[in-house]
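What's counted below: heavy atoms across the whole structure, side chains too, no hydrogens, waters or symmetry copies. Fair warning: this is a prediction, and the values are worked out from it, not measured in the lab. Just so it is clear: chains get the letters A, B, ... in the order the sequence lines come, proteins before strands, and each one is counted from 1.
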Number of protein chains: 2
Amino acid sequence: MSSSSQNSSPPAEKNAKAPSRSRGLKRVSALLDGASAVFAEAGYEAATMTQIAARSGASIGSLYQFFPTKEHVAAALHARHLDTLAGMLDLLAGEVRGHSVEAAVDALFARFVAYLEDNPAFLAVSERRSLDPAVKKEARARLRGRIAALLGAVEPPIAEARVASLAAVTLHLIRVAAMLRADDDESVRAPAIAELRTMLKGHLAGQPG
Amino acid sequence: MSSSSQNSSPPAEKNAKAPSRSRGLKRVSALLDGASAVFAEAGYEAATMTQIAARSGASIGSLYQFFPTKEHVAAALHARHLDTLAGMLDLLAGEVRGHSVEAAVDALFARFVAYLEDNPAFLAVSERRSLDPAVKKEARARLRGRIAALLGAVEPPIAEARVASLAAVTLHLIRVAAMLRADDDESVRAPAIAELRTMLKGHLAGQPG
DNA sequence: CCTTTATATGAGGATACCCTCATGTTTTTA
DNA sequence: TAAAAACATGAGGGTATCCTCATATAAAGG
């Protein structure tokens, strides 16, 4: 009932042993970093446990000591990123309180998209087919809630009834913007992103009823 | 140099033998249908050639007779869907010529999103990691071009300079709408899609300069 | 120091997958 | 009808992956 995510159970059945000594803590951290790199480059499914171990400077046995399954690795990484993002959004909500929607959207886009670009492994594990749909839904709901809180703090206020669905749309647009940057090339990318932000701001500032 | 896609070369090197007799034509059709089902359920990477053959009512050997690689299967499926979609958009462009942007967007959303929902294998092969980026870019450009043509035919006309980037945004929003339907649940999905369409229409009808 | 617990290691078992190939069957051609 | 070409089949080779396990080292406790 405290802060971060001690839940977010991996798959189930096989329970990963958490590290207790400081050496173990460092190892899992290194393992997650290595996994991030491999997932980012190869995607979840093509990533291999051997690659992850090598990239982390650990043996395959050490990897399996803490993560009995590739799924467990992805789940841990997912949870770690969600916690970070949630914290970032909480901070941001405080910063933009009382500001205009335009300013809030600009800040939100800038930071969120930057995060997704800097952490491609997050998208990789977020969209893997093996991710439990319930966990996926919960993760989206969590981010949506944070965005709704952020949108609810701008001035002049947005009609309360619209905040929820606007938050949903905003979250998806952010994802699109991130995918845009990865997919298209510069000539079509830049104007498209500008168009996306303009569109969102116009819509959010639009008729409140 | 005529109509459909005799290009769209699979990977390369190994060239698939095209069927010449009618039996062969039926077989490749059945194989692509089976592949569609398997790709839709399992995704490209987890799909196995054995599953595809079984689902198609063919032996593994027959599958490899026409598609020397899983990549070839995906490439063929991709090309087939692109041709179908392009044709659909051409028809639609004719239908909405002279209509309002609102009507055009409604029709476009309805048909395109329905197509993506009815053919989940298309998204699966479109987003597989092994897809050659050049082919991916070309595919997007093709669809974008069709949408631009469609948007260029509405009345009153949209400023010509904006059409290209608006088409890009529209294409991405359609994808988001399709993903929305697959991901979120009903309570958040319906209002979010409505919001997306409203937003796009408002933006497209907005200030022309 | 000695016992106990945590962490480390890499060879290899089990499995699944991609794809080949030798052989058989159907259809076309002459 | 006979020869040729296209298509069909499934056992199995080669390989790669996930994961286990017996064993070894480092750290903590008493």
Close N/O contacts between protein and nucleotides 26-30 of chain D (under 3.5 Å):
none

Exam field: side chain B:Lys201 to backbone B:Asp106, donor-acceptor pair closer than 3.5 Å: no
Examine distances only and state if a side-chain atom of B:Thr69 and a backbone atom of B:His72 form a donor-acceptor pair shorter than 3.5 Å. no
To the side chain of [X], which of [options] is closest?
| X | options | result |
| --- | --- | --- |
| A:Thr69 | D:dT9, C:dT9, D:dC19 | D:dC19 |
| A:Phe66 | D:dC7, C:dT7, C:dC19 | C:dT7 |
| B:Ile60 | D:dC18, C:dT9, D:dG10 | D:dG10 |
| A:Ser59 | C:dC19, C:dA8, C:dT7 | C:dA8 |

May I ask you to evaluate whether B:Ser62 reaches the phosphate of D:dT9, defined as a side-chain N or O under 4.0 Å from OP1 or OP2? yes
Sequence neighbours excluded, the answer for ring-ring contact (aromatic ring centres under 6.0 Å, His included) partners of B:Phe122 is B:His78, B:His81
Across all chains, not counting sequence neighbours, the ring-ring contact (aromatic ring centres under 6.0 Å, His included) partners of B:Phe39 are B:Tyr44
How close or far is atom [atom2] of [N] from atom [atom1] of [X], stated in whole angstroms?
| X | N | atom1 | atom2 | answer |
| --- | --- | --- | --- | --- |
| B:His72 | C:dC18 | NE2 | P | 15 Å |
| B:Lys70 | C:dA16 | NZ | C1' | 12 Å |
| A:Gln65 | C:dA6 | CD | C1' | 8 Å |
| B:Leu63 | C:dT20 | CG | C1' | 13 Å |

Lys/Arg-Asp/Glu bridge criterion (N-O < 4.0 Å) met for B:Arg142, B:Asp83: yes
Answer yes or no: is there an ion pair linking B:Arg162 with A:Glu195, defined by an N-O contact shorter than 4.0 Å? yes
Nucleic acid contacts of residues 25-51 of chain A, taken as heavy-atom distances under 4.0 Å to DNA chain C: A:Arg27
Using salt bridge (Lys or Arg N to Asp or Glu O under 4.0 Å), reason through B:Glu71 and B:Arg128 one step at a time and then give a plain yes or no. CA-CA 10 Å; B:Glu71 259 304 303; B:Arg128 89 201 116 116; 2.6 Å; yes
Suppose we screen for side-chain contact (heavy atoms from CB on, under 4.5 Å). Which residues come up paired with B:Glu41, at least two apart in sequence or across chains? B:Arg55
Students often get this wrong, so: under 4.0 angstrom with heavy atoms, is B:Ser20 touching a base, only sugar-phosphate, or nothing? sugar-phosphate
Compile the donor-acceptor pairs under 3.5 Å between side chains in residues 22-33 of chain B and protein atoms, sequence neighbours left out, one pair per line.
{"unit_1": "B:Arg27", "atom_1": "NH2", "unit_2": "B:Gly57", "atom_2": "O", "d": "3.1"}
{"unit_1": "B:Asp33", "atom_1": "OD1", "unit_2": "B:Arg80", "atom_2": "NH1", "d": "3.4"}
{"unit_1": "B:Asp33", "atom_1": "OD1", "unit_2": "B:Arg80", "atom_2": "NH2", "d": "3.3"}

Where each residue is assigned the nucleotide of DNA chain C containing its nearest heavy atom, which of B:Gly61 and B:Tyr64 is assigned the position nearer the 5′ end? B:Tyr64
